[in-house]
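Please read the structure below before turning to the comments.
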Amino acid sequence: MMQKHTILDQSFFNRDALDVARNLLGKYLVRSSTAWIRDGSSSLLTTSGAPIALLINEVEAYVGPHDLACHARVGKTARTEVMFGPPGHIYVYLIYGMYWMLNIVTRPENYPSAILIRGVGMFDGPGKLTKKLAIDQTFNKKILAPETGLWVEDRGVIVRDHEILTTPRIGVDYAGPIWSQKPYRFVLNKH
DNA sequence: TAAGTGATCTCT
DNA sequence: GAGATCACTTAA
């Protein structure tokens, strides 16, 4: 019997970032585009308009203003204000002058926290997946939904606890010995 | 292992 | 306005 595909809405993301992070593993990131994508060499998107759905297999949680690795640690700025907004919205920023990072805002308004999507399908690395899916700053502050061209679906994949590998987050040494070592990176380890 | 890249933020 | 930093990737 065909498994129903459920689009995850704001209620899914209106929880603690650590809960959302674990539960995102095994869900599908779906990208559709009605627009023709110019850069065919680096993007998977075509003129066919068929959505691309990729299994989410690596994420990191940035849990709040007290998290010294979280961008929101210095308070609300032009860049981070989206994290202070409602859940289920998209936070995209540029890193190292080259790579767009895709994040999903968690928890209610005025509590800044988010999930960084680090790996989907065959793509490891947060910069690679945004390039392949043609995700850039134009998605910033938008809501995850079909009309945005980017959303998340539950397609019935069951992920058990022993299939989740937990490690410190990548590239956050600046956060100091405590927060840089928090086990807030989650990797789906299916064999 | 280190260069590349540019927005953002923290000082002046 | 200048300077440092940065939730990364690639080529070597």
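These numbers come from the heavy atoms of this one structure, side chains and all, not from hydrogens, waters or symmetry mates. Throughout, a chain's letter reflects where its sequence line sits, starting with A, and its residues are numbered from 1.
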Base, sugar-phosphate or nothing for [X]? Non-hydrogen atoms, less than 4.0 Å.
X	result
A:Ile170	sugar-phosphate
A:Met98	base
A:Arg79	sugar-phosphate

Take atom [atom1] of [X] and atom [atom2] of [N], then tell me their distance rounded to the nearest Å.
X	N	atom1	atom2	value
A:Lys76	B:dC9	NZ	P	13 Å
A:His71	B:dT8	NE2	P	11 Å
A:Asn140	B:dA7	CG	C1'	12 Å
A:Tyr91	B:dT8	OH	C1'	10 Å
A:Tyr174	B:dT8	OH	P	16 Å

Are [X] and [Y] packed together at the side-chain level, in the sense that at least one heavy-atom pair is separated by less than 4.5 angstrom?
X	Y	result
A:Met83	A:Lys76	no
A:Tyr28	A:Val157	yes
A:Arg15	A:Asn23	yes

Any donor-acceptor pair under 3.5 Å from [X] side chain to [Y] backbone:
X	Y	answer
A:Thr130	A:Trp100	yes
A:Arg118	A:Val187	no
A:Arg22	A:Asp19	no

Q.
If we count only N and O atoms by modelled type, under 3.5 Å, do the side chains of A:His71 and A:Tyr91 hold a donor and an acceptor together?
A.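 Side-chain D/A pair, A:His71 to A:Tyr91: present.
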Q | Under the 3.5 Å Watson-Crick or G-U criterion, the dot-bracket string of DNA chain C, with | for inter-strand pairs | A | ||||||.||||.
Q | Same cluster (ILVMFWY, side-chain, under 4.5 Å), A:Leu144 and A:Leu55 | A |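 Hydrophobic grouping puts A:Leu144 with A:Leu55.
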Q: Name the residue closer to the 5' end of DNA chain C, choosing between A:Lys128 and A:Val172 according to the nucleotide with the nearest heavy atom.
A: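 Result of the comparison: A:Val172.
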Q) Is it true that A:Lys141 and A:Glu81 make a salt bridge, defined as a side-chain N closer than 4.0 Å to a carboxylate O? A)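 Yes, A:Lys141 and A:Glu81 are salt-bridged.
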Q: Shoot me the first and last contacting nucleotide of DNA chain C against chain A, ordered 5' to 3', at under 4.0 angstrom to non-hydrogen atoms.
A: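 The contacted stretch runs from C:dC6 to C:dT10.
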